Amino acid sequence: MSTLVLGAGLIGSLTAQALAARGEAVILADVREGPGPTHVQRAVCDVTDRSALSSLIEQHRVSAIVHTAALLSTAIRQDPLKGIAVNIMGTANVLECAREHKLRRVVLASSTTVTYTGFGSHAAQPIAEDLPLRLISERPASIYAACKLSGEHLGHLYHDLYGVDAVSLRYAAVLGDLGHVTSVPGRLLQTLVRAARDGRPVHLDDPFLLWGGREEFVDARDCARANVSALDAQAPVQRVYHIADGQWHTLGDFVAAVQRIHPTLQATWPQHLRTGFAGFAHQRPAPSDVRKAQQELQFACIYSLHDCIAHWGNT
Ligand SMILES: NC(=O)c1ccc[n+]([C@@H]2O[C@H](COP(=O)([O-])OP(=O)(O)OC[C@H]3O[C@@H](n4cnc5c(N)ncnc54)[C@H](O)[C@@H]3O)[C@@H](O)[C@H]2O)c1
């Protein structure tokens, strides 16, 4: 039996590596060809092609899936239909294949962005996974977040209607490998590190890379650990979990963390920022509540923002 990791990007590759390191048979599949980590078999598979996905599962006697394949927020903004096809229909295909092949568990990659519109009316208390959902006033503020929320709902429904054991993990803003950057937080770190290495001052003025108040970040290595914990969890009753460390940081904190590694970095940005992270309308009122991930997945982050920037900002 093997575990199939869908999406050979930042988090999928680290997850496959973590599973292989503990001796499991792992298949890492992506729409693009490429090398896999050591002891990980690579395959090419488009998650929008359900019959190809089903054959892959059969061929490798897959018993569980970690589904990270997606278009991220910048890519989906540029090509919404492709993003909807991959992020919604791709996830539906994964769940349908889990039903067809009676898989033991499916872990779906979601995002804390699904909660961001609630920030306008939320009090300054930890953001619960089950925050009040006012369907119109607090609808998702991006197509990306709408797709992620749909994935969570489909996961719940496949569980309720067909007994598919699906668990969604809402990662905070993920920091990781700076080689091929697809995410907003990755782009911010890359912008600062490149400026420091080139020895030139940088003025941050892209609204996506700025935020007022504070925001939470997570190391991609912790996301991979969380995926493994979610595969192992004995009784994941809530089925949706925040993957974050309960800390939140200003843009100044973030720049200071990069300056610890690259002391010559000079960065400026507009003062009195009103918007939240990645151009979302509201500033975060509190960090995410992470207690359920600790209780039900036995998962807690081990890398702080400083550890994370020290590791990835120096690669
Ligand atoms: N990076 C972040 O800040 C962040 C935050 C929260 C949630 N997430 C979610 O975590 C997951 C993994 O993110 P990541 O940072 O590793 O992204 P990534 O861009 O590094 O990896 C995504 C991978 O999916 C693949 N893919 C795209 N379309 C596909 C298709 N049709 N079939 C198969 N593969 C396809 C891409 O080729 C890519 O390798 C995604 O679902 C993402 O939405 C990421």
Side-chain angles (χ1 to χ4, degrees), residues 4-17 27-37 42-50 52-53 56 65-79 81-94 97 106-116 140 142-152 155 168-190 208-209 215-224 226-227 230 240-244 277-278 280 288 308 312:
L4 173 61
V5 178
L6 291 167
L10 173 61
I11 298 168
S13 298
L14 290 168
T15 304
Q17 209 171 1
I27 318 299
L28 177 62
D30 198 285
V31 69
R32 294 180 302 157
E33 287 184 14
R42 268 294 298 257
V44 174
C45 180
D46 184 337
V47 291
T48 64
D49 182 344
R50 187 167 67 84
L53 183 58
L56 189 69
I65 294 181
V66 177
H67 174 38
T68 75
L71 261 61
L72 271 60
S73 51
T74 308
I76 209 167
R77 219 172 267 263
Q78 284 158 5
D79 193 345
L81 281 186
K82 185 174 175 198
I84 291 165
V86 174
N87 292 13
I88 298 185
M89 273 315 294
T91 301
N93 285 338
V94 170
C97 284
V106 177
V107 178
L108 302 175
S110 186
S111 161
T112 51
T113 55
V114 301
T115 66
Y116 281 27
S142 69
I143 296 176
Y144 174 75
C147 291
K148 289 297 177 193
L149 196 56
S150 304
E152 289 186 11
S168 296
L169 302 186
R170 287 183 192 155
Y171 313 133
V174 181
L175 291 166
D177 184 1
L178 300 185
H180 175 66
V181 167
T182 53
S183 71
V184 170
R187 195 148 58 85
L188 172 62
L189 183 56
Q190 187 179 63
F208 284 92
L209 303 189
E215 188 47 77
E216 54 185 17
F217 296 88
V218 62
D219 191 309
R221 294 171 295 173
D222 273 329
C223 295
N227 288 338
V240 176
Y241 304 92
H242 287 145
I243 304 304
F277 188 71
F280 283 96
S288 297
C308 179
W312 297 108

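When reading the values below, keep in mind they use all heavy atoms of this one structure, side chains included, and skip hydrogens, waters and symmetry mates. What you see is a predicted model, and the numbers here were worked out from it, not measured in a lab. For ligands, and for the atoms within them, numbers begin at 1 and follow the listed sequence.
Nearest heavy-atom pair, V86 versus A70, reported as atom, atom and distance to 0.1 Å: CG1-CA, 4.0 Å. Looking at every heavy atom in both residues, G176 comes nearest to L10 through CA-CD2, 3.7 Å. Summarising the geometry of T112 relative to A173, their closest heavy-atom pair is OG1-N, 4.5 Å, with the distance given to 0.1 Å. When all heavy atoms are compared, the tightest approach of I243 to L169 is CG1-CB, 3.8 Å.
Between S73 and T113, the closest side-chain pair of non-hydrogen atoms is not below 4.5 Å. Taking the side chain as every heavy atom from C-beta outward, S150 and T91 never approach each other to under 4.5 Å. Contact annotation: the side chain of C147 approaches that of I84 to within less than 4.5 Å [non-hydrogen atoms, C-beta and beyond]. Counting heavy atoms from C-beta on, the side chains of S288 and R170 never come closer than 4.5 Å.
When non-hydrogen atoms are compared, ligand 1 lies under 4.0 Å from the side chain of L72 (C-beta onward) but not from its backbone. Looking at D46 against ligand 1, both its backbone and its side chain come within 4.0 Å, counting heavy atoms. Both the backbone and the side chain of A69 come within contact range of ligand 1, each with a heavy atom under 4.0 Å. When non-hydrogen atoms are compared, ligand 1 lies under 4.0 Å from neither the backbone nor the side chain of A29. Contacts between C45 and ligand 1 below 4.0 angstrom, taking non-hydrogen atoms only, involve the backbone exclusively.
No heavy atom of G34 sits closer than 4.0 Å to any atom of ligand 1. Heavy-atom distances between H180 and ligand 1 stay at or above 4.0 Å for every pair. The shortest heavy-atom distance from P185 to ligand 1 is under 4.0 Å. Under a 4.0 angstrom heavy-atom cut-off, A85 registers as lying outside contact with ligand 1. Within the structure, the closest approach of S13 to ligand 1 does not fall below 4.0 Å when heavy atoms are considered.
Interface atoms of ligand 1 facing Y144, defined by a heavy-atom separation under 4.0 Å, are 6 (C), 7 (C), 8 (N), 9 (C), 42 (C), 43 (O), 44 (C). Within the listing of ligand 1, atoms 40 (C), 41 (O), 42 (C), 43 (O) sit less than 4.0 angstrom from a heavy atom of K148. Of all atoms in ligand 1, listed by their number and element, those nearer than 4.0 Å to a heavy atom of A8 are 39 (O). Near I11, the atoms of ligand 1 lying under 4.0 angstrom from a non-hydrogen atom of the residue are 10 (O), 12 (C), 13 (O), 15 (O), 16 (O). Listed by atom number, the atoms of ligand 1 under 4.0 Å from T182 heavy atoms are 17 (O), 18 (P), 19 (O), 20 (O). Counting the atoms of ligand 1 from 1 in the order shown, those under 4.0 Å from a heavy atom of A70 are 22 (C), 24 (O), 27 (C), 40 (C), 41 (O), 43 (O).
Close N/O approach between V31 and ligand 1 is found [any backbone or side-chain N/O within under 3.5 Å]. Residue T48 has no N or O atom closer than 3.5 Å to an N or O atom of ligand 1. Taking distance alone, with nitrogen or oxygen atoms compared against 3.5 Å, A173 stays at or beyond that limit from ligand 1. Backbone and side-chain nitrogen or oxygen atoms of A172 are examined, and none is located within less than 3.5 angstrom of a nitrogen or oxygen of ligand 1. For a threshold of 3.5 Å applied to N or O pairs, the pair formed by V174 and ligand 1 contains at least one separation below that value.
Closest heavy-atom approach to atom 36 (C) of ligand 1 within the set T15, V86, D30: this belongs to D30.
Remark: the backbone N or O of L71 is paired with a side-chain donor or acceptor of N87 at under 3.5 angstrom. Using modelled atom types, one side-chain atom of S13 and one backbone atom of A8 make a donor-acceptor pair closer than 3.5 Å. Looking at T68, its side chain does come within 3.5 Å of a backbone N or O of G7 through a donor-acceptor pair.
Dense packing is recorded around CZ of R42, with more than 12 heavy atoms of other residues, nucleotides or ligands lying under 6.0 Å away.
When each of Y116, F208, Y144 is checked for a ring pair (Phe, Tyr, Trp, His ring centres under 6.0 Å) with F280, only Y116 meets the rule.
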